[in-house]
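Remarks on the structure that follows.
Bear in mind that the values here come from a model prediction, so they are computed numbers and not experimental data.
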4 protein chains.
Amino acid sequence: MCARRRDAEGTAATRATRRAELLSAIAEVFADRGYAATTVREAAEAAGILGGSLYYHFDSKESMVDEVLSTFLNEMWGDYDKVLASGMDATATLRALVASSFKSIERHRAAVVIYQNESKHLAQNERFGYLTESQRRFESTWKGLLAQGVEEGALRSDLNTGLIYRFIRDTVWVAASWYQPGGRLDAEEIAQQYLAMVLEGIQANQHPAT
Amino acid sequence: MCARRRDAEGTAATRATRRAELLSAIAEVFADRGYAATTVREAAEAAGILGGSLYYHFDSKESMVDEVLSTFLNEMWGDYDKVLASGMDATATLRALVASSFKSIERHRAAVVIYQNESKHLAQNERFGYLTESQRRFESTWKGLLAQGVEEGALRSDLNTGLIYRFIRDTVWVAASWYQPGGRLDAEEIAQQYLAMVLEGIQANQHPAT
Amino acid sequence: MCARRRDAEGTAATRATRRAELLSAIAEVFADRGYAATTVREAAEAAGILGGSLYYHFDSKESMVDEVLSTFLNEMWGDYDKVLASGMDATATLRALVASSFKSIERHRAAVVIYQNESKHLAQNERFGYLTESQRRFESTWKGLLAQGVEEGALRSDLNTGLIYRFIRDTVWVAASWYQPGGRLDAEEIAQQYLAMVLEGIQANQHPAT
Amino acid sequence: MCARRRDAEGTAATRATRRAELLSAIAEVFADRGYAATTVREAAEAAGILGGSLYYHFDSKESMVDEVLSTFLNEMWGDYDKVLASGMDATATLRALVASSFKSIERHRAAVVIYQNESKHLAQNERFGYLTESQRRFESTWKGLLAQGVEEGALRSDLNTGLIYRFIRDTVWVAASWYQPGGRLDAEEIAQQYLAMVLEGIQANQHPAT
DNA sequence: CATGAATGAGTATTCATTCAT
DNA sequence: TATGAATGAATACTCATTCAT
């Protein structure tokens, strides 16, 4: 911490790393205490520096959440897009998206919690227009998928897809609020259980073979 | 003091009514913008009075949420207790509880949203110990019910009841965040669709009779 | 309290009495908690009515202290003037004034405490100009008396009369802060002890006969 | 953190100095206008900074008075204890304590005024328990001393020591309210005049040698 | 006369942000 | 890069005062 020998060499890389470190700590606190309720001082303290020092790295508190959320969403949509581009049928795609979502939660738990809790409020701000955009894309993707599933005969036609969409969306993301990275359950298992419930239901009788 | 018997009653009733009016408006704003992010001024404005005037009715901002949440929880547990006392089998009880929950959302939408978004933070405060208590009771009730369902052979035994409990809990309550009282969907319908999904699953093939 | 039979008759007297009652209670609270630190609500409560109701009797909080203080000062100066007009020598006058002061404390304890604690601040306000005026009169009266005593050979000439004046003034009035009306000590006794100390000193040896 | 040894010391010293500077200005305003009646803004302004900035240095308005008063009392009792430990006879001790008191007033005028005016109210607060404690110690010290003086034959036995204690206590401290540091009179002179009055009295005749 | 609800200016306190070092 | 002191706008809360009933 005292003598920084390698300064010359890794400037860019080091800087990016440091930034990521800071953001990770900051995200954790925002997720834990809420964005509005967290003071910059607390966020800085979690990152091991003093309040004022954060302003060397970020323009404002807002740009901190911004970076946390946009980083997460970019990565998440990258994964989603791969799945969607692979041309699977509706059920398989749905399974893959759910699995991908839980993996996102595993990697970006704090970001997901923040997204879940704050995006409604933040979205009022023009700067966070991408949140609304993401929401919209999310909705059309899932609703389209459910409709396609019904069309393909894979999903029940007596369900209100609008409602089902909401239930699926909420349960997937809300899991971030109780998920413990490194705990007993990993993303894969959670995805399996979730898919079992949503696809097959939790009732016993009607499952002849499974 | 002199022959004002009717006044006393009338005043008490009026007072309680006014209080409820105010609380309803306040709850709406807290739900909409978040407890921490809502200023007392905004809350008061929503109630049609000035910021300081709220303090004639309530001790503090905290006691406002307190009253909103405790009123809701008391009523909700009242309903739950009736269901639980009626001695139905696990599946019927589960159905009834879900229906009751959605009815709670219909009546106390704002309170449920606040409960969902803020109880984690508020619960740190001793004053809101009842939130933790409620959480605990909720968990044991639902987990017990799921276990009983499995025992009775009504529910699949290959599911992780801990996980399923979380999914059910979250999806039920999170519905408050998009429910529009007086909108197209009423609590009953939502409950039916939700139960259909969770109990029977959304896949088509496995439902012999449908 | 309900049926006020004698309303017609004693209007003026009743009113004055009520006013005095209220003022007495108010003075007590102001003395106890300090003028600035006492709320009108507290003052009213001590008088057995609600905050707003005090405004039927008084224009403002300020006019309450005003009336308390001016009533006290008027009476006190009335007594002082009688003493000063009686043509006694310096020592006798001094004794009589001290005795009169302690009697004032006995009758207007609360007012004296308020006078002691608040007059400095209140005097900034033009309305309370009479406080400054009273102070001035007080100072010239006592200083004159001390000078006269020295001249008459009754008082030591090696003392700084300015300082002695301050000591006497302060100790007399500050007694109000611990005086308990109806307690073991009455005004007379206190005056005697005080005069003994100030006139003769507390040392033993030098008092040959007394 | 890196070879900043001198900094650490320097900073600590600077900090303490700044704190003392601020407290001195704050004490002056509290003494002048009264603790309750002084706004934090006024206190800050007197210190040359803005209201909010005071909170970088102090937790609350309360902790400002707290520090002012405890600092004063600690130093005062330090001086008192030295006097009391020196084994002088009652009269000499009494003289020394009075002198020490007036020196305290010279050094901590503002603190003494605050102590005098506010300690009764502040003492209700548990945090200021040390005020009550100090009061108690003060009383027992002085009463003991007076009793001892009577026993030693140095003080008159026909006086009510309880009363005399109060008179002495009050006059000593109340002097802070008119004392002008740097004015014509210094602490020493005031103490002499005061002791002359209290010990020997202000009457001329009874002093054989004077 | 008294009440109770409301007002609005003010108060202590918090906190994002700045900046000289 | 980081610190620490300061800023200033905003926030929860208080309280003297008003007024319809």
Test item: side-chain donor near acceptor, D:Tyr130 and D:Asp66, under 3.5 Å: yes

Nucleotide E:dT11, atom P - distance to CD of D:Glu62 in whole Å: 18 Å

Upstream residue (5' side of DNA chain F) when C:Thr38 and D:Gly52 are each assigned their closest nucleotide: D:Gly52

Between E:dA5 (C1') and B:Arg15 (CZ): distance, integer Å: 9 Å

N/O donor-acceptor pair under 3.5 Å between C:Thr38 side chain and C:Gly34 backbone: yes

Interatomic distance, D:Phe30 CZ vs E:dA12 P [rounded to whole Å]: 8 Å

Under-4.0 Å side-chain N/O to phosphate OP1/OP2 contact, D:Tyr55 with E:dT13: yes

Between C1' of F:dT1 and CG of A:Leu54, the distance in whole Å: 12 Å

B:Ser53 side-chain N/O to E:dT7 phosphate OP1/OP2 under 4.0 Å: yes

Along DNA chain E (nearest heavy atom to each residue), the more 5'-positioned of B:Gly48 and D:Asp59: B:Gly48

Watson-Crick or G-U counterpart of E:dA20, or none if no pair lies under 3.5 Å: F:dT3

Nucleotide E:dA16, atom P - distance to CD of A:Glu45 in whole Å: 13 Å

Separation of atom OH in D:Tyr56 from atom C1' in E:dA20, rounded to whole Å: 13 Å

Residue-phosphate contact under 4.0 Å: D:His57 side-chain N/O, F:dG4 OP1/OP2: no

Nearest-nucleotide 5' precedence on DNA chain E, B:Leu50 against D:Tyr35: B:Leu50

Intermediate values then yes/no, side-chain contact (heavy atoms from CB on, under 4.5 Å), C:Tyr115 and C:Val68: CA-CA 9 Å; C:Tyr115 179 71; C:Val68 167; over 6 Å; no

Between P of E:dT11 and CZ of D:Arg33, the distance in whole Å: 12 Å

Phosphate contact (E:dA2 OP1 or OP2) by C:Arg18 side-chain N/O below 4.0 Å: yes

Nucleotide opposite F:dC15 in a Watson-Crick or G-U pair, distances under 3.5 Å: E:dG8

C:Tyr35 six-ring centre to C:Lys61 NZ/CZ under 6.0 Å and within 45° of normal: yes

Within 6.0 angstrom of D:Glu45 CD, more than 12 heavy atoms from elsewhere: no

Distance test, side-chain N/O of D:Arg41 to OP1/OP2 of E:dG10, below 4.0 Å: no

Integer-rounded Å distance: F:dA9 P and A:Lys61 NZ: 19 Å

Sugar-phosphate only, base, or nothing, as touched by C:Ser63 at under 4.0 Å among non-hydrogen atoms: nothing

